[in-house]
Amino acid sequence: MERPICYEGDQAYIFVSYAHRDSERVWPIIDRMQRDGFRVWYDDGIDPGTEWDENIASHVAGCGYFIAFLSENYLNSDNCKDELNYSRDQGKPQLLIYMEDVQLPYGMAMRLGRNQAIFHNRYENEEDFYDKLYDAQDIRYYNGTNQAPEVKTAETLTSQTFRTARGKKLALWPILVAVLLSYGAGLLIPRHRWGFWVSAAVNTA
């Protein structure tokens, strides 16, 4: 079949990762998704004259959703595995579509165990597959004019983590100040008087 349309625009999009040897199986799915209104980018959209790896990396970082079409060809492709790992490092929502039954390496199986997964080869009715695909979590945000969540990259995720950690540290300051003041008061007040103040405070409470 002819190459499907590749999304080019400023809205959040789905990045499709697949092995080129699986093109004849994957392209019809991309074409159907595009015709059904989904914004899908795949490597046919690489601008001529640009570095392939830089272009791929920038589009993975810029996508809002990542779909990997898993097969033996995919597992044997270093480029495909790089895309999958990079999307995970960037914190992208991932959907795995198994084009055939494959045995994942232990490390990959551990990392991908919690991801959404659809087994394309187990659907006798193609429409049942698309119903399942379009029902995947959050994928609807990348259809038509639906408002997609904020696109997050490793930089924004790191920044958010830092702000959260900093907020937790700031929340501990009042407790630390109170402890230091109590300790300082203990040094300034004689022990018999300090015991009197503690006892009074307990009785008052």
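In what follows, residues are counted from 1 in the order of the sequence shown.
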Side chain to side chain contact (heavy atoms under 4.5 Å, CB included) evaluation trace for S17 with F69: CA-CA 6 Å; S17 175; F69 287 87; over 6 Å; no

Residues which pass side-chain hydrogen bond (donor to acceptor under 3.5 Å, both in side chains) with N73, listed by chain and number, not counting sequence neighbours: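 Once residues adjacent in sequence are excluded, the partners of N73 under the side-chain hydrogen bond (donor to acceptor under 3.5 Å, both in side chains) criterion are D22.
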
Looking at the rings of F38 and Y134, which for Trp means the six-membered one, are their centres under 6.0 Å apart?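 Yes.
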
Residue pair [X] / [Y]: nearest heavy atoms and the distance that separates them:
| X | Y | result |
| --- | --- | --- |
| E83 | F15 | OE1-CE2, 3.9 Å |
| Q94 | R88 | NE2-N, 3.3 Å |
| I29 | Y130 | CA-OH, 3.4 Å |
| L75 | Q103 | CD1-O, 3.8 Å |
| L104 | Y98 | CD1-OH, 3.3 Å |
| A68 | L84 | CB-CD1, 4.1 Å |

Full working for side-chain hydrogen bond (donor to acceptor under 3.5 Å, both in side chains) between E100 and N121: CA-CA 6 Å; E100 57 197 46; N121 60 316; over 6 Å; no

Do E127 and Y123 have side-chain heavy atoms sitting under 4.5 Å apart?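 Sidechains of Y123 and E127: no contact.
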
When you measure from the side chain of K92 to the backbone N and O of G64, does any donor-acceptor pair fall under 3.5 Å?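 Looks like no, no N/O pair under 3.5 Å.
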
Under the criterion side-chain hydrogen bond (donor to acceptor under 3.5 Å, both in side chains), I'd like the reasoning laid out for Y18 against W27: C-alpha separation, chi angles, the key distance, then a yes or no. CA-CA 10 Å; Y18 70 104; W27 285 359; 3.2 Å; yes

May I ask you to decide if the ring planes of W41 and Y13 are parallel, tilted or perpendicular, using 30° and 60° as cut-offs?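 The rings of W41 and Y13 sit tilted, inter-plane angle from 30° to 60°.
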
When rounded to the nearest 0.5 angstrom, what distance separates CG in L133 from CD1 in I139?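 Between atom CG of L133 and atom CD1 of I139 there are 4.5 Å.
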
Mind checking side chain to side chain contact (heavy atoms under 4.5 Å, CB included) for D31 and listing every partner two or more places apart, or none if nothing turns up?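 Once residues adjacent in sequence are excluded, the partners of D31 under the side chain to side chain contact (heavy atoms under 4.5 Å, CB included) criterion are M1, P4, R35.
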
Decide, yes or no, whether a salt bridge links D135 with R140 under the criterion of side-chain N to carboxylate O below 4.0 Å.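 No, D135 and R140 are not salt-bridged.
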
Can we say D128 and K132 salt-bridge, meaning some charged N sits less than 4.0 Å from an Asp/Glu carboxylate O?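 No, D128 and K132 are not salt-bridged.
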
Count the heavy atoms belonging to other residues, nucleotides or ligands that lie under 6.0 Å from CZ of R21, then report whether that count exceeds 12.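 Open.
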
What I want to check is whether the side chains of D43 and H59 have a donor and an acceptor closer together than 3.5 Å.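 There is no such pair (donor and acceptor under 3.5 Å, judged by atom type) between the side chains of D43 and H59.
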
Could you walk me through whether I14 and M33 pass side chain to side chain contact (heavy atoms under 4.5 Å, CB included), step by step? CA-CA 10 Å; I14 299 168; M33 293 181 69; 4.0 Å; yes

Given side chain to side chain contact (heavy atoms under 4.5 Å, CB included), test L70 with I97 step by step and report yes or no. CA-CA 6 Å; L70 299 184; I97 298 181; over 6 Å; no

Where do E8 and R39 land on the salt bridge (Lys or Arg N to Asp or Glu O under 4.0 Å) test, with the steps shown first? CA-CA 8 Å; E8 294 292 347; R39 301 183 293 274; over 6 Å; no

